[in-house]
Amino acid sequence: MKNLVSMKDLSVDQIHEILSLAQAFRDGATSTLTNKYTVSNLFFEPSTRTKMSFEMAQRKLNLEVLPFETGFSSTLKGETLYDTVKVLECIGLDVLVIRHEQNNYFEDLVGKVNTAIINGGDGTGNHPTQSLLDIYTIWEEFGTLQDKVITIVGDIAHSRVARSNADALTRLGAKVRFVCPSEWQGEFEALNEFDEVVEDSDVLMMLRVQHERHDGKTAFSKEQYHQMYGLTIERERKMKKDAIIMHPAPFNRDVEIANELIECDRSRIFKQMENGTYVRMAILEMILRGRE
Ligand code: CP
C-alpha cells in the first residue's frame with residue numbers, strides 16, 4: 001500500500017490486515033519501522049478527531065511530525081495544492097495526511113509525487129480512515145461483518161463517510177441499507193421511512209446533518225428532522241438487544257441523535273474515536289513499511 005485515498009484502493013485481505021495490526025497496536029505492540037520518517041497533516045477543512053488522532057498515532061509510532069498551518073501557508077498567496085505538495089516532497093516529507101474541500105483532490109497528486117498521500121477527507125467524496133475505524137469498531141463488537149445489518153441514516157448525499165462505507169462494508173459481507181429524506185439521497189437507493197428498519201438492524205450508523213454543505217437551505221427544522229429521521233429514545237427502545245449505535249461525529253445533539261443516547265450503553269461513538277488512533281497507526285505503519 002503506497003497511498004490510501006479511497007476504500008477502493010484496499011482489497012478485503014488488506015482491510016483485514018489493517019484490522020489485525022490495529023488490534024496489535026491496541027494490545028501494546030510497537031512499530032517495527034527502522035528508519036526515521038517525517039510526516040505532516042494538511043487540513044484545509046476543519047477537523048478535531050481525524051487531525052488529532054493522526055497526530056497521536058504519528059507520535060506513538062515515533063514519527064517526526066512537522067506542523068503545517070493551512071491558514072499561514074502560501075496557499076493563501078495562490079499556491080496550488082500540487083505545488084504545495086511538491087515543496088513538501090522536496091523538503092523530505094514521507095507522508096502527508098490531507099483533508100481538502102475539493103472532491104478527488106488526490107487525483108492531481110497520486111503517482112506524480114513520491115510522498116505518500118493519506119486522504120483525511122475530500123469534500124463529499126471519501127473518508128477512508130473513518131471507514132476503517134468504523135469497520136474496526138463493528139468487527140471488535142461482533143467478531144465479523146458477515147451478514148450484519150448496518151443501517152446508515154441521515155444526510156447521505158453530503159456524506160463522504162457513507163460513500164466510503166457503502167462499498168467497503170458490502171465487500172466485507174454486511175447488508176448495508178440507507179435511510180434519508182429523498183432530497184438527501186444522492187446516488188444511493190434509500191428508504192425514506194426510518195421506523196421500518198430500526199428493529200432488525202445490528203448497527204444504526206447515524207450521520208451528521210451537514211448544514212455547512214446545504215447552501216443555507218435545509219428542508220426541515222431541527223425538531224422535524226429529529227422526529228422523522230433522528231434516533232429518538234422511543235426508537236432506541238425498539239432496537240435489538242445487542243445492536244449498537246454509531247456516529248462518525250461531530251454530532252448535532254437532539255437532531256440526528258437524542259442527547260441522552262450519545263453516551264448510552266449501546267453507543268460506540270466514543271469507542272470509534274478511541275479506535276481511530278490504533279487504526280491510523282496501522283495505516284501509517286503499513287505505508288511506511290513499504291518505504292523501508
Ligand atoms: N469524524 C470526523 O471526521 O471528525 P473530524 O471532522 O472532527 O475529523
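Within a 6.0 Å sphere centred on CG of D265, heavy atoms belonging to other residues, nucleotides or ligands number 12 at most. Within a 6.0 Å radius of NZ in K271, other residues, nucleotides and ligands contribute more than 12 heavy atoms. Counting heavy atoms of neighbouring residues, nucleotides and ligands inside a 6.0 Å radius, atom CE of M286 exceeds 12 of them.
Looking only at side-chain heavy atoms (C-beta outward), F43 and V97 come within less than 4.5 Å of each other. Here the side chains of V203 and T151 are not in contact, with every heavy-atom distance at 4.5 Å or above. The closest side-chain heavy-atom distance from E189 to F178 is not below 4.5 Å. Counting heavy atoms from C-beta on, the side chains of R280 and T50 come closer than 4.5 Å. Taking 4.5 Å as the limit, every side-chain heavy atom of E17 sits out of range of all side-chain heavy atoms of V12.
By the side-chain contact (heavy atoms from CB on, under 4.5 Å) test, L33 is found to be paired with S31, Y37, L63, E285, L288, R289, E292, residues two or more places apart in sequence or in another chain being considered.
Salt-bridge annotation for R163 and E187: present, with a side-chain N of the basic residue lying under 4.0 Å from a carboxylate O of the acidic one. Using a cutoff of 4.0 Å between basic side-chain nitrogens and carboxylate oxygens, E140 and R268 are not scored as salt-bridged. Note on D200 versus K175: no salt bridge recorded, every NZ/NE/NH1/NH2 to OD/OE distance being 4.0 Å or above. A salt bridge links D195 to R235: at least one charged side-chain nitrogen sits closer than 4.0 Å to a carboxylate oxygen.
The backbone N or O of L93 lies less than 3.5 Å from a partner atom in the side chain of T115, making a donor-acceptor pair. Judged by distance alone, the side chain of Q272 and the main-chain N or O of H247 form a donor-acceptor pair under 3.5 Å. The closest donor-acceptor contact from the side chain of S221 to the backbone of Q224 lies under 3.5 Å. The backbone N or O of V197 sits less than 3.5 Å from a side-chain atom of S201, completing a donor-acceptor pair.
Judged as a salt bridge (charged side-chain N to carboxylate O under 4.0 Å, His left out), the pairs with a partner in residues 236-247 (not counting sequence neighbours) are, in order, D202-K240, E236-R266.
Closest approach of G230 and M206 over heavy atoms only: C-CE, 4.3 Å. In terms of heavy atoms, S40 sits closest to L66 at OG-O, 2.6 Å.
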Walk me through it: do E274 and R26 pass the test salt bridge (charged side-chain N to carboxylate O under 4.0 Å, His left out)? CA-CA 10 Å; E274 192 184 317; R26 194 185 173 87; 2.7 Å; yes
Could you walk me through whether F194 and Y229 pass the ring pair (Phe, Tyr, Trp, His ring centres under 6.0 Å) test, one step at a time? CA-CA 6 Å; F194 188 11; Y229 293 103; 7.4 Å; no
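Classified by interplanar angle (parallel below 30°, tilted 30° to 60°, perpendicular above 60°), the ring pair F251/F270 is perpendicular. The aromatic rings of Y105 and H100 lie tilted to each other, with the angle between the two planes from 30° to 60°.
Here CG of D94 is found 11.5 Å from CD1 of I287. Values are rounded to the nearest 0.5 Å.
If you look at Y225 and W184, their ring centroids are closer than 6.0 Å.
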